[in-house]
Student: 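Mind looking over this structure? Questions follow.
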Amino acid sequence: MISMSPVRPGHGVRYLFRGVMVGDGHRRAGTPLRAAQDEAGVPPGVWKGGGLAALGLTAGDVVSERQAELLLGEGRHPDADRIERELLAQGKSPAQARRATVLGRPIEHNRSPKTDKAKERTPWLAFDLTFRPPPTAHLAWALMDDEHRRVLELCDDIARDKTLAWLEESVAQIRSKAGGKQRARVKDGLIVAVFRHYESRATESRPLLHAHAIVSIRARRPHDGKWGNLSADSLMAHIVAADTLYTLYFMEEVTVRLGWAWEPREVTPGRRPVMEIAGIDRRLIGWQSTRRQQIEDALPVLTAKYEEKNGHVPGERASYALACQAADQTRPPKRAELRSLTELRTRWRTSAIRAFGACTVYRLAERARAAAAAVWARVRPMVDTVLAAVDTVAVVYVMRGAFARHHLLAEARRHLSYVLRGRPHQAGLDERIVQTAVDDYTRAVGRGRRMTADLRALYPSDTEDEAVLRPLTRKRTAPPYERARLAADALRTRAQAVRRADRLGSRPRPRTVAVPAASRPRPRPLRTGRTAGRLLEQETGVGTVEQTRRTLEAVAAELQDGIRERALVFGPRPRPAPATAPQPHTPQPGTRHTPGPTTGGVA
């Protein structure tokens, strides 16, 4: 999954340099960045993104402490020191030299007295995007051998880079004009610093393979090439779609490189399932998710206070807010002790073996391969664009009512991850599913870009589906996702039935013989409408019967020719001699012999 948080001047920048950039420990004052990273056993940060060329950087370069201070902490050029020295040598004033190194407007602009009518706000310097694979991937990465660890880290890198590229090409927008009312695509791309972490914040250290992608808010405008600020609204609106894309890419990379399969796991009854590696012992998930248990222990107290204050049970949004509050209250501080990855993996293996036995830990890869074989024997990974569009619209409509395109895109990617179970999908398949849903099963609502499901297109008014689906869209005691799945299953069943009836009743199937319509006791009438112009029923007449007779004779002639050719090549088939003389069969009077299956020869 992907979570997003802003990096602001002050506490946000201090947290970035003292915690995020040096792993999950705590950086002591006065310790150089590279020394702190070596002590913590985490790799140094690297630069990513298409906007690096405008700053003279290259993708894959190590993030130095001074570069991060200038770009991510002050919004200035990462090589500002050299630029200032050159400008001062040319006779520029210190203020002019400093202004030349600022990318866009200075940070102090929002605190100017000229903006007294606007609310006083702290500007954003960057976006912290945290990429986390599914829980079973953490377990496989932490408890298996070094070869599997390196492969899973590579899968995480590839999935993260592809997701950042999609955000860069399709989502990122830069603001311009007064108040940032106009939006446009960035000219070069994003500027991202990536830092990898290995463990969680739990009191007892637990494996958590994740990476912080610090996206600088500075980018260049396409029309004049000047520096400006990214639109936070665009990134926040598409963060769920990016989350599902990252999960989809990670699943595909793991399946291609390791051959594992994925299966859905229901974490909370009635909520969306999560995709996990098949074959991983579920008990290990509880051993790894100690932070979740801490949150669940603190949540009932907050829920009881909410009910006492408001007089009713919290809804979906209130429950999410209470869960966030419980997470903040139980959030432990960063550890002061730094440990290397080798030491962490040794401790994790020892703890898991002590809890569940050595067989459970050392046979993880073997059981994952066996479970993958069972999944591929049971599941047929095939995507039907129309059925996927119906499923996507039904789920999003019941969950939200009115929705935007990025809501459909996120649900379409969830559908692909569930159907394919890690098999690679065609490029642009998610967009085609969304476009089919928008064109055929939605209608515009309101003045904005919102839309809703077109119920008349999803099911006709002369069926009983409408009476089944309408109650599901209203507020019920069942969770929203459970009602959404019921609606999606009902619509998919109806779509398959309509398609089957249309195929059998209107189009002759290949390699079959058409049955004359005169043999039916009640011929079906011809239908008109959208299928007008297509032959819906075979004509009845002498010509049809004669054509059927000639077809059967031609097939019989081909069979006889094949039998003769086989006899010429292999010779006549030898007939076994009977062990005893055959007894003549004498039928009883008053009975009739009914031929049945024989053990040899031709019946």
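Small disclaimer: the values here were computed from a predicted structure and weren't measured.
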Student: Is any side-chain N of the basic residue among Glu343 and Arg349 closer than 4.0 Å to the acidic one's carboxylate O?
Tutor: no
Student: How about Trp348 and Glu199: does a side-chain donor come under 3.5 Å of a side-chain acceptor?
Tutor: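 Distance-only check fails for Trp348 and Glu199.
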Student: Look at the side chain of Thr255 and the backbone N and O of Trp260, then say whether any donor-acceptor pair between them is shorter than 3.5 Å.
Tutor: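 The answer is yes, because a donor-acceptor pair under 3.5 Å joins these two groups.
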Student: Heavy-atom distance under 4.5 Å between the side chains of Val63 and Pro44, does that happen here?
Tutor: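 Result no, sub-4.5 Å side-chain heavy-atom pair not found.
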Student: Determine whether the aromatic ring centres of residues His312 and Tyr306 are separated by less than 6.0 angstrom.
Tutor: yes
Student: Is the CZ atom of Arg380 crowded by more than 12 outside heavy atoms at less than 6.0 Å?
Tutor: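 Count not over threshold, so no.
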Student: Between the side chains of Gln67 and Ser64, is a donor N or O closer than 3.5 angstrom to an acceptor N or O?
Tutor: yes
Student: With sequence neighbours excluded, tell me which residues meet salt bridge (charged side-chain N to carboxylate O under 4.0 Å, His left out) with Arg405.
Tutor: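 Arg405 satisfies salt bridge (charged side-chain N to carboxylate O under 4.0 Å, His left out) with Glu431 once adjacent residues are dropped.
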Student: Looking at Glu411 and Arg272, is any side-chain nitrogen of the basic one under 4.0 Å from a carboxylate oxygen of the acidic one?
Tutor: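 Salt bridge between Arg272 and Glu411, a charged N being under 4.0 Å from a carboxylate O: yes.
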Student: Determine, for Arg66 against Glu69, whether the closest basic-nitrogen to carboxylate-oxygen distance falls under 4.0 angstrom.
Tutor: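 Salt bridge flag = yes for Glu69 with Arg66.
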Student: With under 30° as parallel and over 60° as perpendicular, where do the rings of His210 and His197 fit, or are they tilted in between?
Tutor: perpendicular
Student: Please check: side-chain N/O of His238 versus main-chain N/O of Ser234, any donor-acceptor pairing under 3.5 Å?
Tutor: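 It does hold such a pair.
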Student: Would you find a donor on one side and an acceptor on the other, under 3.5 Å apart, between the side chain of Asp281 and the backbone of Leu284?
Tutor: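 Absent.
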Student: Using a strict cut-off of less than 4.0 Å between a Lys/Arg side-chain nitrogen and an Asp/Glu carboxylate oxygen, indicate whether Asp489 and Arg485 qualify as a salt bridge.
Tutor: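 Yes, charged N to carboxylate O under 4.0 Å.
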Student: Check Glu253 with Lys162, please: is the shortest side-chain N to carboxylate O separation under 4.0 Å?
Tutor: yes
Student: May I ask you to check whether Trp262 and Tyr418 place their ring centres under 6.0 Å from each other?
Tutor: no
Student: Relative to Trp376, does Arg421 satisfy both conditions: NZ or CZ under 6.0 angstrom from the six-membered ring centre, and within 45 degrees of the ring's axis?
Tutor: no
Student: Are Glu366 and Arg363 close enough for a salt bridge, meaning some N to O gap below 4.0 Å?
Tutor: yes
Student: Given the side-chain rings of Tyr246 and Phe131, with only the six-membered ring counted for Trp, is the space between their centroids under 6.0 Å?
Tutor: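 Yes, they do, as the ring centres are separated by less than 6.0 Å.
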Student: Determine whether more than 12 heavy atoms belonging to other residues, nucleotides or ligands lie under 6.0 Å from atom CD of Glu308.
Tutor: no
Student: If the threshold is 4.0 Å, N to carboxylate O, is there a salt bridge linking Asp156 and Arg196?
Tutor: yes
